[in-house]
Amino acid sequence: MLFVPSPRGVRLRGLSLCALALILGLGCASGRPLRVQGSESELELISGLAERFAAAHPGVGVALSGGGSAAGVTSLIDGAVDVATVSRPLLPTERVEAARRGVRLEATPFALDTICVVVNPQNPVAALDLDQLGEIFRGETTRWEALGGEGPISLYGRPSSSGTWSLLRERIVQGDYTPSIRALGGSAAVVQAVAADAHGLGYAALSYVRHAGDSVRVLGLVVRPGEAPVDPRDEAAAREGRYPLTRALSLVTLAEPRPEVAALVAFSRSDAGLAMIERAGLFALEADDAQR
Amino acid sequence: MLSAEPSLAPPEPAEGVRLSAWRPPVSDAERARRDRRMRALVTAGASLVGLTLAALLIVLTVKGLSALWPIAPVDPALLREAGLNAEESARAAAALGGWEGLSAGLLRSARWAPQAIDTPSFGALGLMRSTALTTGLAALIAAPVGVAVAIYLSAFARPMERAWARPAIELLAALPSVLLGLIGVSLLGPALARLFDLPSGLVALNGGLLLALMALPTVIAVAWEALNAVPSTFTEASLALGADRVTTLWRVTLPAAWRGLVAASLLGLGRALGETMAVLMACGNSEAPPSSLMSPAHAMTATLALELPGALRDSAHQRALFALGLMLLTISLTNQLVARRLLRQRAP
């Protein structure tokens with residue numbers, strides 16, 4: 001008696017089988033999804049872009065994950081993803097690794113971004129020059145008093161897999177970061193931590209700083225002594241390369257990618273892509289921009 | 001249950017029972033075939049689990065031990081092929097090759113600086129200290145609190161409270177760790193910063209408290225079971241001799257259940273040891289080793305999560321991370337085995 005199925009049971013089982021078939025069917029119908037991995041700074045922009053792309057290309061799914069620019073490039077070289085989103089030039093180690101494994105990488109820049117240096121709104125310091133910034137991140141300056149504020153400086157940054165981390169090191173730190181800097185998972189976490197810490201200083205990608213509103217203050221950077229500080233939100237300064245932490249965000253693929261991958265890269269530079277870039281608060285890349 | 005001659009007519013349904021899906025009985029051969037098919041399916045599932053576990057252990061061990069072997073210098077032809085200038089070549093060559101193996105560092109140095117420009121260093125002592133600090137604090141809190149809760153539930157709680165306690169504990173166990181991490185970042189962190197006058201609440205203490213919360217359900221559940229396993233004749237005899245409930249607890253129940261209670265604490269510790277997301281979000285992850293509970297910590301699990309995705313295959317960095325993973329596995333397996341052993345050797 002126990003196992004006699006009731007009509008209701010039969011119907012339920014039928015329904016769940018149908019649902020399972022539907023899910024499997026949907027999974028298969030979209031074919032192999034485009035796998036995109038990389039920069040946390042670009043994550044928000046790319047997810048918007050991927051959504052639009054998928055809507056415009058029925059049957060093509062996009063699977064997106066973060067982990068940092070280095071994670072994207074590593075996975076691309078390993079053949080685990082189709083596109084790496086990268087917020088810095090390819091590193092020498094990555095180029096050697098690609099050569100060793102016999103793959104050719106192709107980077108397509110599609111947007112301009114700036115790395116913002118942010119402090120707590122209570123902090124009186126309005127601008128820093130590049131030497132001061134380097135000293136702070138190398139751990140040579142540890143207190144705000146030397147810069148016109150007060151208290152110890154607490155530093156917030158990103159892990160070494162982050163493109164933002166390696167670009168800032170290349171251009172400003174030019175040495176090793178102080179080991180006391182905290183490494184947080186993403187720009188949003190950095191902004192949140194600096195907003196909660198009166199002595200905090202951190203770096204974050206532009207779009208996340210724009211979201212933060214007044215909870216953090218963006219520092220202008222003095223490039224040469226005596227000049228006015230340059231603000232990272234200033235579009236002209238970014239385009240002309242006057243802001244020193246300006247970078248191109250790019251999509252990296254293997255040379256001669258399959259058609260859907262090429263379509264995604266082309267989409268990032270189409271009018272629809274440009275609109276997404278502007279909406280995210282970044283700058284669309286133009287031909288005469290100073291960035292590589 | 002079975003009649004000698006299977007009837008092919010549907011049986012008379014009892015009052016109120018519908019038998020619309022009734023099928024005539026099947027032959028013995030068909031039944032045996034079905035049994036075989038089902039058994040094959042279930043066996044396949046079970047062996048899949050076993051094989052996965054074995055493969056995992058083998059890969060982790062091999063990759064973890066590969067950190068001990070040296071890596072040959074990079075072929076200069078590759079550097080040319082990659083189109084690097086002199087300075088880039090030097091840096092790439094230093095980062096990718098000429099590695100002498102981990103014997104010189106992992107367990108002797110506290111400097112974890114895997115991507116340092118000139119002298120990458122893979123000392124794990126600081127990471128181990130971070131993990132010891134956060135999980136140690138978690139165990140120190142979760143063990144007494146969890147055992148106390150279990151004692152209350154098994155000895156003093158009303159049936160109504162017991163009925164509510166189990167789902168509540170299960171709910172706590174089911175909380176996603178990213179959610180706890182979020183609590184650590186946005187509630188606990190600022191509260192700790194205010195309380196202890198710290199610049200930031202992203203410190204080892206924050207992670208330790210979150211881990212205690214995550215270990216608590218495990219400790220309570222296992223300790224509760226251990227206490228319930230003490231035969232009621234023990235307590236009844238003690239009460240009949242005129243001992244009060246507290247004396248009975250201290251002199252009879254706890255001595256009889258101590259193995260289970262220690263095992264409960266160890267399993268709670270194991271839960272905290274493997275936790276990643278919450279400590280990653282709440283501890284700050286500085287490369288500098290923590291000097292106290294009030295300084296940022298960089299737990300081994302968080303290091304793996306942050307750095308493994310970006311480490312090039314077979315690079316020194318990736319090998320060091322796998323060695324770290326192997327260490328973590330060894331610690332937590334040992335812990336688990338000791339706990340299981342204690343649980344098996346229950347008092348008679």
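Every chain is numbered from 1, with letters handed out A, B, ... down the list of sequences.
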Participant: By a 4.5 Å heavy-atom criterion (distance strictly below it), what part of B:Ala311 contacts chain A: side chain, backbone, both, or neither?
Facilitator: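 Backbone of B:Ala311 only, per the 4.5 Å heavy-atom cut-off to chain A.
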
Participant: Is it the side chain or the backbone of B:Pro190 that comes within 4.5 Å of chain A heavy atoms, both, or neither?
Facilitator: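 No part of B:Pro190 comes within 4.5 Å of chain A.
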
Participant: When you measure from the side chain of B:Asn285 to the backbone N and O of A:Ala183, does any donor-acceptor pair fall under 3.5 Å?
Facilitator: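 Present.
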
Participant: Given the rule in the salt bridge (charged side-chain N to carboxylate O under 4.0 Å, His left out) test, do B:Arg91 and A:Glu170 qualify, once you have shown the distances and angles that lead to the verdict?
Facilitator: CA-CA 12 Å; B:Arg91 268 170 68 179; A:Glu170 199 64 41; 3.5 Å; yes

Participant: Is it the side chain or the backbone of B:Ala116 that comes within 4.5 Å of chain A heavy atoms, both, or neither?
Facilitator: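 Contact with chain A involves both backbone and side-chain atoms of B:Ala116.
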
Participant: Would you mind telling me which of A:Gly175, A:Ser75, A:Gly151 has the largest number of heavy-atom pairs within less than 4.5 Å of chain B?
Facilitator: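 Among the listed options, the one with the most contacts to chain B is A:Gly175.
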
Participant: Rounded to the nearest 0.5 Å, what separation is found between the CZ atom of A:Arg182 and the CD atom of B:Glu287?
Facilitator: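 These two atoms lie 14.0 Å from each other.
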
Participant: Is it true that B:Glu88 and A:Arg95 have a side-chain N and a carboxylate O under 4.0 angstrom from each other?
Facilitator: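 A:Arg95 and B:Glu88: salt-bridged.
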
Participant: If I measure from the heavy atoms of chain B, does A:Arg101 come under 4.5 Å with its side chain, its backbone, both, or neither?
Facilitator: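 Just its side chain gets close to chain B.
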
Participant: Salt-bridged, B:Arg313 to A:Glu94, with N to O below 4.0 Å?
Facilitator: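 Looking at B:Arg313 and A:Glu94, the cut-off is not met.
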
Participant: Report the distance from atom OG of A:Ser161 to atom CD of B:Gln115, rounding to the nearest 0.5 Å.
Facilitator: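 A:Ser161 OG to B:Gln115 CD: 8.5 Å, rounded to 0.5 Å.
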
Participant: Where on A:Tyr177 is there a heavy atom nearer than 4.5 Å to chain B: the side chain, the backbone, both, or neither?
Facilitator: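 Neither part, no heavy atoms under 4.5 Å.
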
Participant: List the atom of A:Val96, the atom of B:Ala92, and the distance in Å for their closest heavy-atom pair.
Facilitator: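 Residues A:Val96 and B:Ala92, closest heavy atoms: CG2-CB, 3.9 Å.
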
Participant: Which heavy atom of B:Ser286 sits nearest to which heavy atom of A:Ser180, and what is that distance?
Facilitator: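 Closest pair (atom of B:Ser286, atom of A:Ser180, distance): OG-O, 3.0 Å.
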
Participant: Rounded to the nearest 0.5 Å, how far apart are CZ of A:Arg100 and CG of B:Leu79?
Facilitator: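 One gets 12.0 Å once the value is rounded to the nearest 0.5 Å.
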
Participant: Under a 4.5 Å heavy-atom cutoff, which of A:His199, A:Arg104, A:Arg158, A:Glu97 has the most pairs with chain B?
Facilitator: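 The candidate making the most pairs under 4.5 Å is A:Glu97.
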
Participant: Any idea which of B:Ser315, B:Pro114, B:Pro309 has the most non-hydrogen atom pairs under 4.5 angstrom with chain A?
Facilitator: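 Highest number of pairs under 4.5 Å: B:Pro309.
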
Participant: Is a side-chain N or O of A:Asp176 found less than 3.5 angstrom from the main chain of B:Ile117, in a donor-acceptor match?
Facilitator: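 Yes, because the side chain of A:Asp176 sits within donor-acceptor range (under 3.5 Å) of the backbone of B:Ile117.
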
Participant: Under 4.5 Å from any heavy atom of chain B, what part of A:Arg169 do you find: side chain, backbone, both or neither?
Facilitator: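 Just its side chain gets close to chain B.
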
Participant: For chain A, which of B:Leu306, B:Leu202, B:Asn85 has the most heavy-atom pairs under 4.5 Å?
Facilitator: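 That would be B:Leu202.
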
